[in-house]
Every structure is written in structure tokens, then in C-alpha cells.
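A short worksheet on the structure shown next.
Position 1 is the first residue of the sequence; numbering continues from there. All values reported here derive from a predicted model rather than from experimental measurement.
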Amino acid sequence: MTKKRQLDFEGKEIDVRFDGRLCIHVGECGHSEGELFVAERQPWCMPDLVSKAEVREIVERCPSGALTYTDKAGTPETAPAQNSLTVACNGPLYLTGDLEIEGAEEDMPGVRFRAALCRCGASENKPFCDNSHVEAKFEDPGAVGAKGPGLNETGGKLGVEMRPDGPLVLTGNLSIRAGSGRLAWQGEKAFLCRCGASKNKPFCDGTHKKIGFKG
């Protein structure tokens with residue numbers, strides 16, 4: 001794991017936490033309307049300037065799980081009804097759902113529901129993305145050719161396992177969307193490339209063995 005950098009922003013009804021280990025600067029927070037997040041302001045996040053409902057909605061936009069909240073009325077974030085993965089163009093795998101991610105630390109509550117997972121092979125924070133795909137010049141538009149066996153249900157637990165020096169193994173009901181946003185694949189088990197070299201992205205094709213991928 002990379003160096004910890006956690007910041008807490010307290011409000012009267014709801015608190016917000018930022019976890020720098022997970023942030024990949026997508027900007028869903030900073031580009032949101034209203035006064036919750038304002039760049040260059042100190043403090044950057046002020047939960048009392050918007051409604052509690054707005055805090056919850058904006059924080060839940062964060063695709064990496066770097067932002068979380070604690071509702072003082074005791075209402076926690078809950079898993080979405082569907083486990084979904086989006087293959088970002090030239091970027092990570094954005095995963096949402098009822099997630100159980102191998103390698104996630106106990107003080108990373110955000111990745112219980114939202115995570116950005118490395119697929120270029122270069123992250124130093126595996127299984128999570130740390131934007132190393134930019135320096136590595138990783139290129140893949142996120143097309144998905146296969147349809148998968150299909151699903152009878154869309155929710156439930158989704159396990160995420162890192163095979164040593166191999167793929168990500170996702171076990172549970174899963175829908176995969178291509179980089180274009182198209183619903184492409186559905187099934188209950190997926191082996192996904194994390195070395196960045198598969199010829200069948202986002203799926204693993206065994207290339208990690210040929211190139212000696214470690215991670």
C-alpha cells in the first residue's frame with residue numbers, strides 16, 4: 001500500500017472522510033455543483049454548506065471509494081442493486097456493488113461499494129489503480145466482445161480475488177459495461193486481465209505467464 005493520507009471533515013449531521021490512498025483525481029467531487037467541495041478553499045470540504053442528502057449523493061459519485069461519509073443519524077451507505085464493472089478507456093476497471101475485495105484494508109470503507117481497479121499492471125497500490133496507466137502509456141479503448149452466459153439476478157456479494165502474478169477473479173453476479181457505456185457481458189465468474197498485455201481485454205488470456213508478470 002502507498003502512504004496513508006486520510007482527512008476528516010466534520011459536519012453537524014454528517015461527516016466526510018477523504019482517503020488519499022485511493023484517490024485517482026477523477027474530479028466527480030470537485031466538479032459537483034454547490035459548496036460541498038471547493039478547490040483551494042480551506043477546508044476543501046464543508047459538509048454543513050449543503051443538505052445531508054446532497055453530501056451522500058455527491059460522495060457516492062466517487063468511483064474509487066476515496067470519499068466516504070458517516071451519517072450521524074446512523075444511515076449507512078448501502079450496496080447498489082446491481083454489481084457492475086465499467087472498462088474505462090485507457091484506464092482502470094470501475095467496479096460498483098456489494099464488494100469483498102482481497103487486499104482491501106479494514107480502514108477502507110469506500111471500497112466496500114466502489115473501487116477503481118488496476119488493469120495496466122503498473123500500479124504500486126494493487127489491486128487498486130493509482131493512475132500509473134498514464135505514465136505507462138497504457139492504451140485500450142475498453143471494447144468488450146463477449147456476451148457471457150447471462151444472469152438470473154444482478155445483486156448479491158461479489159468477491160474480488162487477485163491471483164498471484166495472474167488475473168483478477170470476480171465471483172458473483174456481474175454485469176460488465178464497455179468503455180462506450182454499452183452493457184456487454186453478464187455472468188457469475190470473470191477472469192480479468194491485470195497485467196495489461198492480454199489480447200482479449202478486459203479478459204485474461206494467459207499472457208501474464210509469457211511476460212513474467214509479477215504482482
E35, CD atom: more than 12 neighbouring heavy atoms under 6.0 Å: no

Hydrophobic cluster identity match, L95 and M108, side-chain contacts under 4.5 Å: yes

Heavy-atom closest contact (L36 atom, P47 atom, distance): CD1-CA, 3.7 Å

Side-chain donor/acceptor of R194 to backbone N/O of H208, under 3.5 Å: no

Short side-chain donor-acceptor distance under 3.5 Å, N200 and S198: no

M162 side chain reached by K126 side chain, heavy atoms, under 4.5 Å: yes

P202 versus A143, closest heavy-atom pair with distance: CD-O, 3.9 Å

Verdict with reasoning, V111 to L99, per side chain to side chain contact (heavy atoms under 4.5 Å, CB included): CA-CA 7 Å; V111 298; L99 312 179; 5.8 Å; no

Salt bridge (charged side-chain N to carboxylate O under 4.0 Å, His left out) pairs, two or more places apart, involving residues 75-89: E77-R114

Shortest non-hydrogen contact between E139 and N90, atoms and distance: CA-OD1, 3.2 Å

Side chain to side chain contact (heavy atoms under 4.5 Å, CB included) assessment of F128 paired with L22: CA-CA 7 Å; F128 305 108; L22 297 168; 3.9 Å; yes

Transitive ILVMFWY side-chain link F113 to Y69, under 4.5 Å: no

L192-F138 co-clustered via ILVMFWY side chain contacts under 4.5 Å: no

Spacing of CD belonging to E102 relative to CZ belonging to R163, to within rounding of 0.5 Å: 9.5 Å

Point-to-point distance, once rounded to the nearest 0.5 Å, from CG of N131 to NE2 of H25: 6.5 Å

Test side-chain hydrogen bond (donor to acceptor under 3.5 Å, both in side chains) applied to D98 - qualifying residues, sequence neighbours left out: R112

Lys/Arg-Asp/Glu bridge criterion (N-O < 4.0 Å) met for D205, K199: no

Hydrophobic cluster identity match, L7 and I58, side-chain contacts under 4.5 Å: yes

V55 with V38, same ILVMFWY side-chain cluster at under 4.5 Å: no

Derivation of the salt bridge (Lys or Arg N to Asp or Glu O under 4.0 Å) call for D107 and R21: CA-CA 11 Å; D107 63 345; R21 296 170 295 178; 3.3 Å; yes

R56 vs I14 side-chain heavy atoms within contact, under 4.5 Å: yes

Residues, nucleotides or ligands: over 12 heavy atoms within 6.0 Å of K72 NZ: yes

Residue pairs passing the salt bridge (charged side-chain N to carboxylate O under 4.0 Å, His left out) test where at least one lies in residues 44-53, sequence neighbours excluded: K52-D71

Separation of N83 CG from K157 NZ (nearest 0.5 Å): 10.0 Å

Euclidean distance, L93 CG relative to K201 NZ, rounded to 0.5 Å: 11.5 Å

Flag side-chain contact, heavy atom, 4.5 Å: S175 against L85: no

L170 side, atom CG; E188 side, atom CD - distance, nearest 0.5 Å: 13.0 Å

Stepwise side chain to side chain contact (heavy atoms under 4.5 Å, CB included) test for V87 and W185: CA-CA 11 Å; V87 185; W185 184 98; over 6 Å; no

Minimum side-chain heavy-atom gap V160-L117 below 4.5 Å: yes

Ring geometry between W44 and F18 (parallel below 30°, tilted from 30 to 60°, perpendicular above 60°): perpendicular

Trace of the side chain to side chain contact (heavy atoms under 4.5 Å, CB included) decision for E161 with T171: CA-CA 8 Å; E161 172 195 358; T171 305; 5.7 Å; no

Test item: R177 side-chain N/O and G181 main-chain N/O as donor-acceptor pair under 3.5 Å: yes

Passing option when C45 is tested against D8, V16, V59, D15 for side-chain contact (heavy atoms from CB on, under 4.5 Å): V16

Nearest non-hydrogen partners of I24 and P92, listed with the distance: CD1-CG, 4.2 Å

Within 6.0 Å of CD in E10, more than 12 heavy atoms from elsewhere: no

Donor-acceptor pair between S123 and N125 side chains, under 3.5 angstrom: no

Test salt bridge (Lys or Arg N to Asp or Glu O under 4.0 Å) applied to D165 and K209, step by step: CA-CA 8 Å; D165 306 329; K209 297 178 182 178; over 6 Å; no

Expected output: side-chain E60 to main-chain E57 donor-acceptor under 3.5 Å: no

T154: partners by side-chain hydrogen bond (donor to acceptor under 3.5 Å, both in side chains), with sequence neighbours left out: none

Considering all heavy atoms, the nearest A178-V144 contact: CA-CG2, 3.9 Å

Gap separating the CD atom of E54 from the CG atom of L49, nearest 0.5 angstrom: 10.5 Å

Exercise: identify the closest heavy-atom pair between C118 and L168: O-CD1, 4.4 Å

E28 side-chain N/O to R61 backbone N/O, donor-acceptor pair under 3.5 Å: no

Carboxylate-amine/guanidinium proximity below 4.0 Å for R119 and D140: yes

Trace of the salt bridge (Lys or Arg N to Asp or Glu O under 4.0 Å) decision for E135 with K137: CA-CA 5 Å; E135 185 174 346; K137 294 182 171 52; over 6 Å; no

Partners meeting side-chain contact (heavy atoms from CB on, under 4.5 Å) with E153 (sequence neighbours left out): N173

Partners meeting ring-ring contact (aromatic ring centres under 6.0 Å, His included) with F213 (sequence neighbours left out): none

